[in-house]
Amino acid sequence: MKIKVVIDNIMKKFKKEIINIHKQYGIASSYDSSEELIYSNLHNEYGDVFCIFSYERNLISSNSIYARNIPANIISHLQSILDNMNKNFEKGRLYIDRNTNCVAFSVDYEVSDLKLQEKDQDLFRSFCIQFYDVFATYQKDIYEIISLNHDSIRSAGSC
């Protein structure tokens with residue numbers, strides 16, 4: 001049970017910081033103590049982005065998904081566009097989640113102890129909002145690529 005207590009302490013410590021950082025950016029977030037996860041939701045005119053923050057083996061992971069289904073016929077094309085976008089990230093990557101057929105973004109933050117050093121605070125803040133920054137930058141482009149394809153499928157009578 002000692003491992004469970006350590007994990008609990010880490011998420012309790014960082015949940016407040018993550019949620020406070022999100023609040024500053026208008027990102028709705030909440031902590032589920034039974035699952036030890038932080039859920040965040042970003043909503044704008046292009047749709048919803050859902051993000052889960054979790055902790056395992058000295059890593060806090062941020063896994064987000066843009067809740068807009070990608071038609072099968074553009075998956076390869078969109079993945080190559082995402083691969084080009086990924087060149088702009090030092091950490092993290094955009095990809096197509098094969099279980100949901102949606103665009104996802106994942107990034108990890110290594111936790112060395114329960115206290116953030118002064119120099120680490122800016123890096124941690126960047127980690128906490130990276131999914132927000134990524135989708136603020138690229139969500140419109142992704143939306144347009146998917147929407148154009150949906151419109152062409154509808155006009156062809158396939159939907």
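Hydrogens, waters and symmetry mates play no part in the numbers below; they use all other heavy atoms, side chains included.
- Glu36 places no side-chain N or O within donor-acceptor distance of the main-chain N or O of Tyr55, the cut-off being under 3.5 Å.
- In this structure, Gln130 contributes its side chain and Phe89 its backbone to no donor-acceptor pair below 3.5 Å.
- The shortest heavy-atom contact between Ile74 and Ile146 is CD1-CA, 4.2 Å.
- Summarising the geometry, atom CD belonging to Glu110 is positioned 11.0 Å from atom CD1 belonging to Ile60; distances are rounded to the nearest 0.5 Å.
- Using a 4.5 Å heavy-atom threshold, the side chains of Asn44 and Phe135 count as separate.
- Across all their heavy atoms, Phe127 and Asp108 have their closest contact at CE1-C, 3.7 Å.
- Hydrophobic clustering, defined by side-chain heavy atoms of Ile, Leu, Val, Met, Phe, Trp and Tyr closer than 4.5 Å, leaves Tyr95 isolated from every other such residue.
- A 4.5 Å side-chain heavy-atom check between Tyr66 and Tyr143 finds at least one atom pair inside the cut-off.
- Ile96 and Tyr46 fall within the same hydrophobic cluster, where Ile, Leu, Val, Met, Phe, Trp and Tyr residues are linked whenever their side-chain heavy atoms come under 4.5 Å apart, directly or through other members.
- In this structure, CG on Leu78 lies 9.5 Å from CG on Asp83, to the nearest 0.5 angstrom.
- For Ser64 (side chain) and Phe105 (main-chain N/O), a donor-acceptor pair under 3.5 Å exists by modelled atom type.
- Two rings, from Phe14 and Phe124, have their centers less than 6.0 Å apart.
- Separating the CG atom in Asn84 from the CD atom in Gln79 is a distance of 10.5 Å, to the nearest 0.5 Å.
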Exercise. Met85 and Thr137: side-chain contact (heavy atoms from CB on, under 4.5 Å), yes or no, with the steps?
Worked result: CA-CA 10 Å; Met85 291 174 178; Thr137 303; over 6 Å; no

For this session: Show the numbers, then the answer: is there a side-chain contact (heavy atoms from CB on, under 4.5 Å) between Asn20 and Glu17?
Result: CA-CA 5 Å; Asn20 284 337; Glu17 293 186 47; 5.9 Å; no

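- The main-chain N or O of Leu94 is found under 3.5 Å from a side-chain atom of Asn86 such that the two form a donor-acceptor pair.
- Ring centroids of Tyr109 and Phe53 are separated by 6.0 Å or more, keeping the two rings apart.
- Among residues two or more places apart in sequence or in another chain, the side-chain hydrogen bond (donor to acceptor under 3.5 Å, both in side chains) test is passed with Gln24 by Arg125.
- Atom OG in Ser62 sits 6.0 Å away from atom CZ in Phe131 (nearest 0.5 Å).
- To the nearest 0.5 Å, atoms CD1 (Ile145) and CG (Leu82) are separated by 7.5 Å.
- With sequence neighbours excluded, the residues satisfying side-chain hydrogen bond (donor to acceptor under 3.5 Å, both in side chains) with Ser40 are His22, Ser29.
- Among all heavy-atom pairs drawn from Ile38 and Lys15, the shortest one is CD1-CA, 3.4 Å.
- Considering all non-hydrogen atoms of both residues, Asn69 and Thr100 come closest at ND2-O, 3.4 Å.
- Residues Val103 and Tyr138 form no side-chain contact, since every pair of their non-hydrogen atoms from C-beta on lies 4.5 Å or further apart.
- Put simply, Leu59 and Val107 are part of two different groups of oily side chains (I, L, V, M, F, W, Y) that touch within less than 4.5 Å, one to the next.
- Ile65 is not connected to Ile129 by any chain of hydrophobic side-chain contacts under 4.5 Å among Ile, Leu, Val, Met, Phe, Trp and Tyr, and they are in different clusters.
- Going from atom CD of Glu35 over to atom CD1 of Ile52 covers 9.5 Å, rounded to the nearest 0.5 Å.
- Within the 4.5 Å cutoff, the side chain of Ser30 has no heavy atoms near those of the Ile19 side chain.
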